[in-house]
Amino acid sequence: ISTGRSVSAVTLNRQIVKLAKPGLKSSYMGGFTPFHHQMEREAMKLACRVVEAIRGLKGYVGVDMVLSEDKPYVVEVNPRLTTSYIGLRKVVGFNPAQAILDAVLKKKLPKEASLQGCSFFMKVETTRPNYRKLSETYSLEEVASPPLPVSAGNPYAMLVTYSKTLRAAKNMFNRMRNLLHKTLGEA
């Protein structure tokens with residue numbers, strides 16, 4: 001989160017990417033937060049330095065990196081909300097939407113995040129639901145985005161789960177994925 005001058009790193013998150021062979025399309029599938037890694041501190045410091053170096057960045061900024069064996073490498077900077085926001089809002093000890101507003105409007109950064117638990121979020125491929133079935137998905141708290149056609153194939157829903165541990169969050173995700181499919185009449 002950036003005021004335009006100073007920056008506060010909130011979490012290190014892990015992306016889950018489906019890599020395809022050359023000539024085919026790789027895709028972002030989801031991720032989890034927080035991601036604890038031996039280079040976590042170094043990665044967070046680098047993210048702050050990169051955002052500070054780009055004049056005018058305010059609010060929420062996503063910094064994508066590759067963590068190699070020896071150091072982190074910045075891949076891209078996203079000056080916007082990223083998908084990881086749906087996970088980090090569940091694990092940080094403050095309201096991230098308010099922190100973004102405070103950074104932009106009051107030039108005030110949030111206090112250091114007191115991370116609580118783990119959030120797992122991932123795309124789930126579905127069939128094209130009818131309106132009634134689609135509206136039923138809105139009652140499922142873990143549905144961050146209902147099934148939307150994002151390409152020529154089947155639609156994807158985005159599910160986000162939270163629990164004390166990553167394993168428990170993944171287990172809850174699997175249960176919610178099954179419930180989503182059942183709700184859509186796919187089970």
Side-chain angles (χ1 to χ4, degrees), residues 1 9-20 24-37 40 43 47 59-67 75-76 78-100 110 113-187:
I1 296 177
V10 180
T11 61
L12 184 63
N13 315 305
R14 175 87 187 245
Q15 291 187 358
I16 300 169
V17 179
K18 182 178 175 183
L19 295 176
L24 299 176
K25 189 175 179 181
S26 296
S27 61
Y28 171 82
M29 297 305 295
F32 62 87
T33 189
F35 175 49
H36 298 295
H37 188 276
E40 182 174 6
Y60 188 95
V61 181
V63 180
D64 290 353
M65 297 181 186
V66 171
L67 303 181
V75 176
E76 69 181 8
N78 298 294
R80 58 173 170 74
L81 284 179
T82 62
T83 304
S84 62
Y85 178 85
I86 65 173
L88 78 83
R89 69 186 169 88
K90 294 185 174 282
V91 301
V92 297
F94 58 85
N95 179 336
Q98 186 63 55
I100 293 166
S114 60
L115 302 178
Q116 304 157 0
C118 189
S119 185
F120 185 81
F121 42 95
M122 187 173 273
K123 291 180 187 178
V124 175
E125 187 174 1
T126 68
T127 58
R128 294 190 185 274
N130 63 44
Y131 179 76
R132 187 178 62 75
K133 294 288 186 184
L134 180 62
S135 65
E136 289 178 31
T137 66
Y138 298 145
S139 66
L140 302 175
E141 182 181 332
E142 291 78 6
V143 175
S145 172
L148 299 170
V150 291
S151 63
N154 285 333
Y156 285 93
M158 180 64 79
L159 298 183
V160 57
T161 56
Y162 168 81
S163 195
K164 289 183 180 181
T165 67
L166 177 58
R167 176 176 286 199
K170 284 181 178 180
N171 288 339
M172 182 180 287
F173 171 85
N174 289 328
R175 289 191 303 273
M176 292 312 301
R177 179 180 52 203
N178 292 340
L179 180 58
L180 175 65
H181 287 303
K182 184 177 177 182
T183 301
L184 294 171
E186 299 173 358

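- Shown here for L67 and A43, the closest heavy-atom pair between the two residues is CD2-CB, 3.9 Å.
- R14 CZ to C118 SG: the interatomic distance, rounded to the nearest 0.5 Å, is 12.0 Å.
- For Y28 against Q15, the heavy-atom pair with the smallest separation is CE1-CG, 3.8 Å.
- Across all non-hydrogen atoms, the minimal contact from T161 to A169 is OG1-O, 2.8 Å.
- For S135, the side-chain contact (heavy atoms from CB on, under 4.5 Å) criterion is met by Y138, not counting sequence neighbours.
- The CZ atom of F121 sits 5.5 Å away from atom CG of N13, with the distance rounded to the nearest 0.5 Å.
- Note that CG of L12 is 8.0 Å distant from NE2 of H37, once rounded to the nearest 0.5 Å.
- When all heavy atoms of T33 and L88 are compared, the closest pair comes out as CG2-N, 3.5 Å.
- With E186 contributing its side chain and T127 its backbone, the two residues share a donor-acceptor pair below 3.5 Å.
- Counting only residues at least two apart or in different chains, side chain to side chain donor-acceptor pair (under 3.5 Å) contacts with residues 166-175 comprise N174-R177.
- The aromatic rings of F173 and F120 stand perpendicular to each other, their planes meeting at an angle above 60°, with 30° marking the opposite boundary.
- In terms of heavy atoms, T137 sits closest to T183 at N-CG2, 4.2 Å.
- Take R132 and apply the salt bridge (Lys or Arg N to Asp or Glu O under 4.0 Å) test, not counting sequence neighbours, and it matches E136.
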Output a table of donor-acceptor pairs, distance under 3.5 Å, between side-chain atoms of residues 141-148 and any protein atom two or more places apart or on a different chain; print 'none' if there are none.
none

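- Taking the six-membered ring for Trp and thresholds of 30 and 60 degrees, F35 and F32 have ring planes more than 60 degrees apart, a perpendicular arrangement.
- Rounded to the nearest 0.5 angstrom, T11 OG1 and E40 CD are separated by 9.0 Å.
- Checked by atom type and distance alone, the side chain of N78 never pairs as donor or acceptor with a backbone atom of R80 at under 3.5 Å.
- Using a 4.5 Å heavy-atom cutoff, the side chains of V92 and L115 are in contact.
- In this view, Y85 and Y60 satisfy the ring-ring contact (aromatic ring centres under 6.0 Å, His included) rule, not counting sequence neighbours.
- The environment of R89 atom CZ is dense: over 12 non-hydrogen atoms of other residues, nucleotides or ligands sit within 6.0 angstrom.
- Rounding to the nearest 0.5 Å places CG of L19 at 11.5 Å from CG of L24.
- S119 is linked by a side-chain hydrogen bond (donor to acceptor under 3.5 Å, both in side chains) to nothing, counting only residues two or more places apart in sequence or in another chain.
- Pairing each heavy atom of G93 with each of Q116, the nearest pair is CA-NE2, 4.0 Å.
- Residues T82 and D64 are not in side-chain contact: their nearest non-hydrogen atoms beyond the backbone lie 4.5 Å or more apart.
- Considering NZ of K18 and NZ of K123, their distance stands at 9.5 Å, rounded to 0.5 Å.
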